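Remarks on the structure that follows.
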Amino acid sequence: MEDSGTTDQKIVYLEPPFIRKATRSGLPPLRNYLLETFRYRTFAFHWSKGELKSRNFDTALGRLWHYLNPFLFGLIYFVFVGILTGGGLNSSKRLAFLVFNLYVWTLLSSMIMTSVSSVRNGGGGVLTNSALPKVVIPIASTVSATNLFLRSLVAYVPLHIVADRGFHIEFLWIPVLIFLTCLFGLGIALMFATLNVYVRDVSRFLPHFLRLWLYVSPAIWEYERVLESGTVNALARLNPTYSGFSAWTMALDGSIAENGPTLAHQVSVFALWAFPIAIVGFLVFVSREDEFAIRN
Amino acid sequence: MSLQLEIKNAVEVKNLSVAYSAVVEQAKSKKSSVLTRSTKIRKIEALSDVSINFPAGQVTGLIGGNGAGKSTLLKTIVGVLKPSVGEVHLWGRPHLLTPGMGFNRTLSGRENVILGGLAAGMTLDEVRSKQEEIIEFADIGHFIDLPTTTYSSGMFGRLAFTVATHVDPEILLVDEALSAGDSSFRKRAVSRIRDLCSSAKAIIVVSHSSALVSDMATEAVWLHRGQVRMQGPVAEVTESYESFTGETTETAQLQSGIDRK
């Protein structure tokens with residue numbers, strides 16, 4: 001950088017290791033950003049632990065609510081859908097299908113809702129006062145939601161056995177589906193968290209939007225129902241969660257519908273949604289994160 | 001001939017401008033405000049073409065009135081805000097002293113020590129090695145294992161301050177953070193800040209109070225409406241700042257007297 005010296009000593013001034021400057025895109029140097037995000041992984045883990053502990057903190061059943069909520073939710077839909085469709089209330093397989101899909105839905109919606117609220121609340125002062133990459137906060141919320149989902153998988157096993165859904169080789173797709181679901185959920189969470197900083201109404205509108213999204217996703221109805229219908233099928237496939245939930249159902253049941261897509265095909269389609277959504281969500285969030293300090 | 005690697009400044013701020021947009025609500029008639037809110041986006045230039053060097057091994061005070069841009073400058077150095085124009089060069093990781101950062105009020109004090117330490121950039125091993133020292137310094141007894149929702153505001157402030165000041169920062173930024181707890185704790189807090197000052201590469205202290213800045217810093221920078229008004233030895237800068245604020249107070253008093261008449 002700069003040299004000065006005496007006859008027997010040469011002083012070399014070191015180049016600065018950190019430089020902050022304006023960029024045209026609003027994005028920081030991404031390599032450094034990702035390295036810094038990795039540096040705060042322990043914080044993300046502990047933040048997530050805290051988040052889990054503080055949920056249902058003041059209830060008598062405490063953590064049991066993490067499992068009870070989707071189960072009761074599933075039971076309600078089981079009764080509701082059973083009466084509406086005239087399919088009856090005597091199918092344990094249908095109950096298992098609904099409960100499991102609602103566990104997956106809870107994973108998605110809780111990632112989105114928790115990320116939006118943590119960013120809105122300033123992440124315990126982290127967003128307004130720290131050099132910590134702000135994406136750590138939604139990542140921590142994803143870790144919390146995934147942690148709960150993994151526990152609910154264990155809680156779901158007895159129902160799976162009672163409903164006789166069977167154990168299949170397709171179960172090997174489950175880790176891939178968990179990864180893709182988390183990636184997809186994180187991308188959506190990052191977009192909504194950013195949008196909510198600009199338009200506060202987003203957090204009010206979000207529960208209704210998520211409810212509607214659930215209804216148009218094959219989480220509470222079987223994906224096979226729309227296979228025969230050309231237009232409805234085409235519309236259903238425009239919904240990213242169609243491929244996701246149909247892949248989950250195929251993996252859990254170990255079977256595919258006649259004339260329907262294969263499991264590998266649905267996983268690939270879901271991956272084609274999840275990766276771009278996660279990348280776009282990340283870039284949108286990171287390019288706007290200094291606004292969180294101003295607008296929060 | 002021997003080669004010596006050195007740093008001259010810990011922070012160099014070069015031609016820095018920081019502007020941001022704020023949503024401002026506009027006055028509307030009662031009738032029309034029932035249906036919609038009228039807002040306007042206003043561009044605020046918080047810093048304009050600021051160049052300052054903060055030398056290594058030195059405590060620099062930043063003084064100025066409200067809206068001078070002191071906090072914006074600190075937040076840009078720490079990386080919370082991005083420069084609109086210009087650059088900030090840093091020879092070390094900056095740490096803005098923020099009591100309670102990363103805390104989760106439903107967790108116990110002990111758990112918050114870990115969370116706050118990690119949020120401040122410490123590793124888990126570093127936090128664990130300092131945990132007992134932090135608990136002892138905060139002096140909140142058996143409350144340390146209770147949720148912090150059960151703490152009085154003074155107890156919470158003490159714990160938050162203690163965690164924030166047990167980080168070993170390379171560049172320490174202090175923004176009016178010395179008001180935690182009762183008078184005996186405040187004395188210990190000031191002494192703790194002094195210890196930190198001796199271990200950090202550089203310290204930047206922000207305050208409205210020129211007395212506090214004179215007490216801690218050797219150099220000072222006076223910011224006024226987003227620009228550097230003066231920089232140099234602390235005694236000269238604080239003297240000019242005080243005479244300026246005295247004059248502006250007198251002018252304001254005179255003006256209000258004329259208005260009343």
Side-chain angles (χ1 to χ4, degrees), chain A residues 1-23 26-28 36 39-47 49-51 53-55 57-58 122-134 136-137 198 200 287-295, chain B residues 1-9 11-12 14 16-17 20-23 44 74-107 111-112 114-124 127 147 149 175:
Chain A
M1 183 189 173
E2 193 181 317
D3 288 5
S4 74
T6 58
T7 46
D8 58 347
Q9 196 177 49
K10 186 179 182 190
I11 298 172
V12 176
Y13 290 113
L14 292 169
E15 289 296 321
F18 305 101
I19 296 178
R20 309 207 192 285
K21 59 181 175 184
T23 55
L27 288 168
E36 279 293 287
R39 203 171 81 87
Y40 279 97
R41 64 195 180 283
T42 322
F43 169 73
F45 175 72
H46 280 265
W47 175 274
K49 256 173 70 178
E51 223 173 47
K53 204 172 171 184
S54 56
R55 277 192 218 176
F57 169 76
D58 49 357
V126 166
L127 297 182
T128 46
N129 293 309
S130 162
L132 177 149
K134 313 302 178 262
V136 168
I137 300 292
Y198 291 90
R200 294 292 165 155
S287 66
R288 294 279 162 241
E289 68 172 34
D290 62 331
E291 294 269 341
F292 304 161
I294 298 160
R295 291 172 188 259
Chain B
M1 188 169 70
S2 65
L3 189 70
Q4 196 182 338
L5 298 176
E6 271 192 11
I7 58 165
K8 194 159 64 175
N9 294 316
V11 182
E12 284 179 11
K14 298 179 171 191
L16 179 73
S17 295
Y20 51 82
S21 307
V23 180
I44 295 166
L74 285 200
K75 286 188 175 183
T76 313
I77 291 172
V78 89
V80 173
L81 299 176
K82 289 176 194 155
S84 307
V85 180
E87 295 183 2
V88 178
H89 293 189
L90 296 148
W91 281 263
R93 268 178 209 286
H95 171 65
L96 177 60
L97 192 79
T98 314
M101 185 173 72
F103 274 33
N104 180 332
R105 292 297 300 251
T106 54
L107 301 182
E111 288 166 316
N112 271 312
I114 302 271
L115 207 49
L118 292 171
M122 292 162 89
T123 64
L124 190 58
V127 187
T149 42
D175 189 358

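In the text below, chain A, chain B and the rest are named by the order of the sequence lines, each starting its count at 1. Computed from a predicted model, the values in this text were never measured in an experiment. Both backbone and side-chain heavy atoms feed into the values below; hydrogens, waters and symmetry mates do not.
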Taking all non-hydrogen atoms of both residues, which atom of B:Leu118 and which atom of A:Thr42 are closest, and how far apart?
CD1-O, 3.8 Å
Portion of B:Thr76 that has a non-hydrogen atom of chain A nearer than 4.5 angstrom
backbone
How many angstroms lie between CG in B:Leu107 and NE2 in A:His46, if you round to the nearest 0.5 Å?
11.0 Å
One option among B:Ser17, B:Gly92, B:Ala120 has the most heavy-atom pairs under 4.5 Å with chain A, and it is B:Gly92
Rounded to the nearest 0.5 Å, how far apart are CG of A:Leu132 and CE of B:Met101?
7.5 Å
Checking B:Leu16 against chain A: side chain, backbone, both or neither under 4.5 Å from a heavy atom?
neither
Sequence-distant partners of A:Arg41, side-chain contact (heavy atoms from CB on, under 4.5 Å), two or more places apart
A:Phe38
For a 4.5 angstrom cut-off between non-hydrogen side-chain atoms, does B:Leu115 reach A:Phe43?
yes
Apply salt bridge (Lys or Arg N to Asp or Glu O under 4.0 Å) to B:Glu111 and A:Lys53, showing your working.
CA-CA 11 Å; B:Glu111 288 166 316; A:Lys53 204 172 171 184; 2.6 Å; yes
Check each of B:His89, B:Glu12, B:Lys14 against A:Ile19 using the side chain to side chain contact (heavy atoms under 4.5 Å, CB included) test, and report the only one that passes.
B:His89
Of the non-hydrogen atoms in A:Glu51 and B:Asn104, which two are nearest, and what is the gap between them?
N-ND2, 4.0 Å
Give the member of B:Thr123, B:Ile77, B:Ile114 that has the highest number of heavy-atom pairs under 4.5 Å with chain A.
B:Ile77
Does the distance from a Lys or Arg side-chain N to an Asp or Glu carboxylate O, for A:Glu289 and B:Lys82, drop under 4.0 Å?
no
Within-4.5 Å side-chain heavy-atom neighbours: A:Lys21 and B:Val85:
no
When the 4.5 angstrom heavy-atom criterion is applied to B:Arg93 and chain A, the contacting part is both
